[in-house]
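Below you'll find the structure, written out as structure tokens, and then a few comments.
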Number of protein chains: 2
Amino acid sequence: MQPNKLKTAIVDDHPIVIEGLKNLLKNESNIELIGGFQDGETIMKYLESEKVDLILLDITLPDVNGMDLCLKIKKKYRSVIVLILSNRTERSIVVQTIQNGASGYLLKNSSLDELRLCIAEAVKGSICYSKEVTEILSRPSRNELLAAPRLTKREKQILELIAQGKTSQAIGEELFLSPLTIDTHRKNLLQKFQVKNVAELIMSANQQHLF
Amino acid sequence: MQPNKLKTAIVDDHPIVIEGLKNLLKNESNIELIGGFQDGETIMKYLESEKVDLILLDITLPDVNGMDLCLKIKKKYRSVIVLILSNRTERSIVVQTIQNGASGYLLKNSSLDELRLCIAEAVKGSICYSKEVTEILSRPSRNELLAAPRLTKREKQILELIAQGKTSQAIGEELFLSPLTIDTHRKNLLQKFQVKNVAELIMSANQQHLF
DNA sequence: CGAAAAATACCTAAAAACCAGTAGAAAAAA
DNA sequence: TTTTTTCTACTGGTTTTTAGGTATTTTTCG
């Protein structure tokens with residue numbers, strides 16, 4: 001149906017997975033495999049010069065996290081279709097990647113049929129999940145009921161330092177800011193996460209995979 | 001060299017990985033692939049009736065954990081060689097699997113050469129790690145430098161409640177204890193984890209997989 | 001049983017975090 | 001270029017945690 005085959009890239013840090021996927025997809029009539037990439041940097045570099053239609057993207061990568069990479073790709077190359085192929089089953093991760101522009105989310109244990117279907121759906125512009133992912137989405141776990149709050153750059157930075165056990169005083173010195181400012185950010189973080197203190201904050205951030 | 005090829009089974013919950021491995025190994029002269037298994041139960045069942053020489057085993061499986069499965073296999077079928085092929089990089093996991101009788105540990109991102117080498121070593125009876133695993137074993141990462149402190153029952157309980165954002169006051173009421181007692185436990189927890197405050201405490205506990 | 005470990009509870013005092021606001025400047029988005 | 005968001009900083013007061021102890025009572029285990 002398509003005039004050209006889908007130029008497809010696989011981004012996964014495991015050569016074995018790349019091998020397996022290549023093998024599974026090599027007989028697909030509408031797919032042209034253009035290569036496997038083991039980290040975020042190499043695929044970004046490749047995208048600068050070459051056209052890609054479809055990216056099968058893992059979440060766990062050595063350099064960047066797949067969620068962020070997805071956003072970065074979609075921001076720069078709007079038309080590229082990104083399908084997440086990961087074994088992370090956390091609801092927050094699924095939701096986040098879709099918000100970041102992914103066209104679907106499959107677990108690595110999904111069948112070739114599911115993969116085929118999702119690619120077809122993605123090309124048509126809709127979003128597609130593998131069966132298990134649909135389940136994950138439908139029954140949110142207690143901890144993840146609250147959507148991950150979107151943090152500003154500063155907030156992320158300060159959250160990180162708080163997690164390192166630093167006091168507002170110390171953070172202020174490190175960032176050349178008043179400790180009072182840090183306190184404000186602290187307050188805002190607590191509010192955004194809807195928690196009462198750092199203990200809960202760090203727990204929540206961990207459950208939301210922010211570290 | 002061998003009169004017979006090594007009857008090799010792959011145990012991994014990801015069909016894609018199984019595919020990839022099959023592909024990578026199908027041209028090996030000394031290996032006869034007898035199949036892929038997606039969980040612990042199916043391989044155990046298979047072992048009851050069929051002879052297997054080598055098992056490539058993942059740690060993360062749907063039904064049992066690969067470390068335990070390894071022990072179970074080695075207990076029942078002494079002669080089977082088990083090679084772990086996983087992407088879990090925690091030192092404790094590597095050590096545990098070896099103690100459970102595995103003949104080696106490779107990360108999924110290791111090369112075919114490494115895999116080949118490890119299989120050869122394992123057949124000879126020695127234990128073999130992929131390069132990265134050797135590194136993990138030799139210089140334990142920051143998080144794991146401190147052995148997970150062994151906590152008492154009370155401490156675990158209180159840690160849990162602290163993680164829920166409860167104050168010493170609240171915890172005291174909940175457990176019918178003086179808040180001062182909770183403070184003491186708090187202090188002891190900080191000391192055991194060698195941290196300065198709850199933020200670090202919760203981070204550390206998370207990294208040590210205590211939640 | 002006796003010793004060690006765990007759990008309990010207290011004191012004092014300082015440090016840090018938390019609460020409830022306000023508000024101007026800078027940066028980003030509409 | 002407005003408008004909105006983010007970042008900055010403050011006031012003033014309260015609560016909680018942390019740091020340095022000590023000390024008695026239970027449990028647990030050799």
Side-chain angles (χ1 to χ4, degrees), chain A residues 68 71-72 74-78 96 99-101 146-206 208 210-211, chain B residues 146-206 208 210-211:
Chain A
D68 297 343
L71 184 64
K72 210 168 142 193
K74 292 297 283 190
K75 263 197 177 158
K76 231 174 159 181
Y77 311 98
R78 251 302 201 34
Q96 189 61 59
Q99 272 174 2
N100 287 358
L146 295 343
R150 47 193 190 320
L151 305 180
T152 67
K153 224 188 285 174
R154 245 320 181 233
E155 283 166 349
K156 272 183 205 159
Q157 185 183 28
I158 287 169
L159 175 56
E160 192 93 21
L161 295 168
I162 290 173
Q164 285 166 29
K166 296 186 175 151
T167 65
S168 295
Q169 192 71 41
I171 297 172
E173 277 163 31
E174 189 168 331
L175 303 180
F176 305 108
L177 293 173
S178 160
L180 297 167
T181 302
I182 311 301
D183 272 340
T184 303
H185 286 300
R186 251 194 147 94
K187 197 170 22 174
N188 293 337
L189 281 166
L190 294 182
Q191 205 163 51
K192 283 197 178 178
F193 278 85
Q194 303 194 53
V195 294
K196 294 178 299 300
N197 52 40
V198 270
E200 252 188 298
L201 175 68
I202 301 297
M203 273 307 275
S204 188
N206 264 294
Q208 242 112 55
L210 271 79
F211 300 118
Chain B
L146 298 341
R150 30 185 205 323
L151 305 180
T152 68
K153 223 188 287 175
R154 239 333 176 224
E155 282 166 347
K156 272 183 206 160
Q157 185 182 27
I158 287 169
L159 176 56
E160 192 93 22
L161 295 168
I162 290 173
Q164 285 167 28
K166 296 185 174 151
T167 65
S168 296
Q169 190 72 40
I171 297 172
E173 277 163 31
E174 190 168 329
L175 303 180
F176 305 107
L177 293 173
S178 160
L180 297 167
T181 304
I182 310 302
D183 273 343
T184 303
H185 286 301
R186 248 194 150 96
K187 205 167 17 174
N188 292 336
L189 280 167
L190 293 183
Q191 203 164 53
K192 284 197 178 178
F193 279 86
Q194 303 195 52
V195 294
K196 294 178 299 301
N197 52 38
V198 270
E200 253 187 298
L201 174 68
I202 301 296
M203 273 306 277
S204 187
N206 265 295
Q208 243 114 55
L210 271 89
F211 297 119

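Within every chain, numbering begins at 1; the chains are lettered A, B, ... in the order of the sequence lines, protein sequences first and strands thereafter. Scope of the values below: all heavy atoms of this structure, side chains included, with no hydrogens, waters or symmetry mates.
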Tell me what [X] touches on the nucleic acid: a base, only sugar-phosphate, or nothing, going by heavy atoms under 4.0 Å.
X         : result
Lys196(B) : sugar-phosphate
Lys153(A) : sugar-phosphate
Thr167(A) : sugar-phosphate
Asn197(B) : sugar-phosphate

[X] has an atom [atom1]; how far is it from atom [atom2] of [N], in whole Å?
X         : N       : atom1 : atom2 : answer
Arg186(B) : dT8(C)  : CZ    : P     : 15 Å
Lys166(B) : dC18(C) : NZ    : P     : 17 Å
Arg150(A) : dT6(D)  : CZ    : C1'   : 12 Å
Leu190(A) : dG21(C) : CG    : C1'   : 16 Å
Leu189(B) : dA6(C)  : CG    : P     : 13 Å
Glu173(A) : dA16(C) : CD    : P     : 10 Å
Ile182(B) : dA6(C)  : CD1   : P     : 17 Å
Lys187(B) : dT22(D) : NZ    : P     : 11 Å

Q: Let me see the working for Met203(A) and Val195(A) under side chain to side chain contact (heavy atoms under 4.5 Å, CB included), right down to the final yes or no.
A: CA-CA 10 Å; Met203(A) 273 307 275; Val195(A) 294; over 6 Å; no
Candidate nucleotides [options], ranked by approach to the side chain of [X] - the nearest:
X         : options                  : answer
Arg154(A) : dA7(C), dT18(D), dC7(D)  : dC7(D)
Asp183(B) : dA6(C), dT8(C), dT18(D)  : dT18(D)
Leu180(A) : dC10(D), dA19(D), dT8(D) : dC10(D)
Val198(A) : dA19(D), dC18(C), dC7(D) : dC18(C)

Q: Starting from the 5' end of DNA chain C, give me the residue, Thr184(A) or Gln169(A), whose nearest nucleotide shows up first.
A: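 Its nearest nucleotide lies further toward 5', so the answer is Gln169(A).
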Q) Is there a donor-acceptor pair under 3.5 Å between the side chain of Asn188(B) and the backbone N or O of Gln191(B)? A)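 Side chain of Asn188(B) to backbone of Gln191(B): no pair is present.
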Q: Mark yes or no for whether Glu155(B), through its side chain, and Leu151(B), through its backbone, hold a donor-acceptor pair below 3.5 Å.
A: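 No.
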Would you say [X] places a side-chain N or O within less than 4.0 Å of OP1 or OP2 belonging to [N]?
X         : N       : answer
Ser168(A) : dA17(C) : yes
Thr181(B) : dT8(C)  : no
His185(B) : dA7(C)  : no

Q: State, with a plain yes or no, whether a side-chain heavy atom of Ile202(B) is found less than 4.5 Å away from one of Val198(A).
A: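 The answer is no, as the side chains (C-beta and beyond) never meet within the 4.5 Å cut-off.
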(Q) With rounding to the nearest 0.5 angstrom, report the CD1 to CD1 distance, Ile158(B) to Ile171(B). (A)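 Taking CD1 in Ile158(B) and CD1 in Ile171(B), the distance rounds to 6.5 Å.
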Q | Point-to-point distance, once rounded to the nearest 0.5 Å, from CZ of Arg154(A) to CG of Leu177(A) | A |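 That separation rounds to 4.5 Å.
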(Q) With hydrogens left out and only the distance checked, is there a donor-acceptor pair under 3.5 Å joining Ser178(A)'s side chain and the base of dC10(D)? (A)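 Check fails, no donor-acceptor contact within cut-off.
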